[in-house]
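Along the sequence shown, residues are numbered consecutively beginning with 1.
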Amino acid sequence: RSSDLTPYNETSDVPVKIVNTANWTIEDDDDTQLANGTIQIVTHFQRNHDMLTMTKWNSRIIHHYYPSTGILSFSGLANISEYMDLIANVTFSNKYEGIGLNRRILSFVFYDPCNKSNDVANAWIDIEPLNDPPVLNLTTPSVTYTFTRNEDRPRLAFASKATII
């Protein structure tokens, strides 16, 4: 079970843990081990920019992150406590300036050796904006100037986008 809300500063150099270890557990009434599972970024995922990484390893559990899908997979028969230890050390990061401020929802699904899974559990990562500089947009449509010329006066010179009627 998890109901974590983790704040993350856009373009931060410091990854954030995706779960608060005090607020979640993995429980199985009839088994003490897990066989595999996934953590996936399911909303507002930015391909090849949103990253889930591990800060700890376990020789009995193989893990791999797929940056094109946002899925971190785990496989290997190990105690629930070993899986919990690894999950507690999964971090999120995105160094892309265009990260957007949309909340990321992560889903967690893990299977016991009998291939029975938990209900999907979720965690949330809120993206907090930093002090972004203002943006000057110089791609506005070109301006057309219209002048009426008195034929008794000399011609006038205008900028390249001027129209004379």
Side-chain angles (χ1 to χ4, degrees), residues 1-140:
R1 294 183 308 238
S2 178
S3 60
D4 284 339
L5 176 60
T6 302
Y8 178 76
N9 290 326
E10 67 173 333
T11 68
S12 176
D13 288 333
V14 180
V16 294
K17 289 188 176 184
I18 63 171
V19 295
N20 176 335
T21 54
N23 294 341
W24 71 281
T25 62
I26 297 176
E27 300 167 352
D28 190 335
D29 292 335
D30 61 354
D31 212 319
T32 60
Q33 294 186 313
L34 294 175
N36 60 68
T38 61
I39 299 172
Q40 180 177 9
I41 303 169
V42 294
T43 60
H44 305 291
F45 170 66
Q46 289 189 344
R47 182 183 176 125
N48 297 322
H49 294 292
D50 285 350
M51 297 293 166
L52 297 177
T53 54
M54 303 287 294
T55 59
K56 195 171 191 176
W57 291 266
N58 181 308
S59 62
R60 294 176 1 137
I61 303 170
I62 298 168
H63 67 275
H64 184 76
Y65 181 65
Y66 301 89
S68 63
T69 62
I71 295 174
L72 176 61
S73 67
F74 299 86
S75 63
L77 193 58
N79 292 327
I80 291 174
S81 61
E82 292 175 275
Y83 268 90
M84 288 182 63
D85 190 38
L86 283 183
I87 295 164
N89 287 284
V90 174
T91 61
F92 170 85
S93 65
N94 181 323
K95 295 184 182 189
Y96 179 58
E97 179 62 34
I99 185 174
L101 301 180
N102 295 313
R103 173 182 283 179
R104 306 299 197 275
I105 297 177
L106 289 78
S107 69
F108 297 70
V109 179
F110 287 85
Y111 295 85
D112 67 15
C114 298
N115 206 30
K116 294 180 181 173
S117 72
N118 61 288
D119 293 332
V120 175
N122 293 309
W124 299 266
I125 298 174
D126 273 349
I127 309 300
E128 296 178 346
L130 294 179
N131 187 14
D132 291 338
V135 176
L136 175 62
N137 182 353
L138 296 176
T139 59
T140 57

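- The two residues Gln33 and Pro113 have their closest heavy-atom pair at O-CD, 3.3 Å.
- Note on ring orientation: taking the six-membered ring where Trp is involved, the planes of Phe110 and Tyr83 are perpendicular (angle over 60°, cut-offs 30° and 60°).
- Note that CD1 of Ile87 is 7.5 Å distant from CE of Met84, once rounded to the nearest 0.5 Å.
- Annotation for Met51 and Pro67: closest pair CE-CB, 3.9 Å, computed over non-hydrogen atoms.
- Side chains of Ser75 and Asn36: no donor on one and acceptor on the other come within 3.5 Å.
- Residue Phe74 holds its CZ atom at 10.5 Å from CG of Asn58, rounded to the nearest 0.5 Å.
- Within 6.0 Å of CG in Leu77 there are more than 12 heavy atoms belonging to other residues, nucleotides or ligands.
- When all heavy atoms are compared, the tightest approach of Arg60 to Asn79 is NH2-N, 3.5 Å.
- Checked against salt bridge (charged side-chain N to carboxylate O under 4.0 Å, His left out), Asp50 has the following partners two or more places apart in sequence or in another chain: Arg104.
- Shortest non-hydrogen contact noted between Asn115 and Tyr111 is OD1-CD2, 3.5 Å.
- Of all heavy-atom pairs between Lys56 and Asn89, the closest is CD-ND2, 3.5 Å.
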Test log, rule side chain to side chain contact (heavy atoms under 4.5 Å, CB included), inputs Asp28 and Lys116: CA-CA 10 Å; Asp28 190 335; Lys116 294 180 181 173; over 6 Å; no
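- To the nearest 0.5 Å, atom CG of residue Asp112 and atom CD1 of residue Ile26 are 11.5 Å apart.
- Ile39 CD1 to Leu52 CG: the interatomic distance, rounded to the nearest 0.5 Å, is 7.0 Å.
- Within the 4.5 Å cutoff, side-chain heavy atoms of Val109 are placed close to those of Asn118.
- You'll find the ring centres of Tyr66 and His64 inside the 6.0 Å limit.
- Rounding to the nearest 0.5 angstrom, the gap separating the CG atom in Asn94 from the CD1 atom in Ile125 is 10.0 Å.
- Annotation: Asp119, atom CG; neighbour count of heavy atoms from other residues, nucleotides and ligands within 6.0 Å does not exceed 12.
- Rounding to the nearest 0.5 Å places CD1 of Ile41 at 9.0 Å from OG1 of Thr69.
- Of the possible donor and acceptor atoms, none in the side chain of Thr38 sits under 3.5 Å from a partner among the backbone N and O of Ile71.
- Nearest approach of Ile61 to Gly76, heavy atoms of both residues: CG1-O, 4.3 Å.
- Within a 6.0 Å sphere centred on CZ of Phe45, other residues, nucleotides and ligands contribute more than 12 heavy atoms.
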Worked check of side chain to side chain contact (heavy atoms under 4.5 Å, CB included) between Thr91 and Thr55: CA-CA 7 Å; Thr91 61; Thr55 59; 3.9 Å; yes
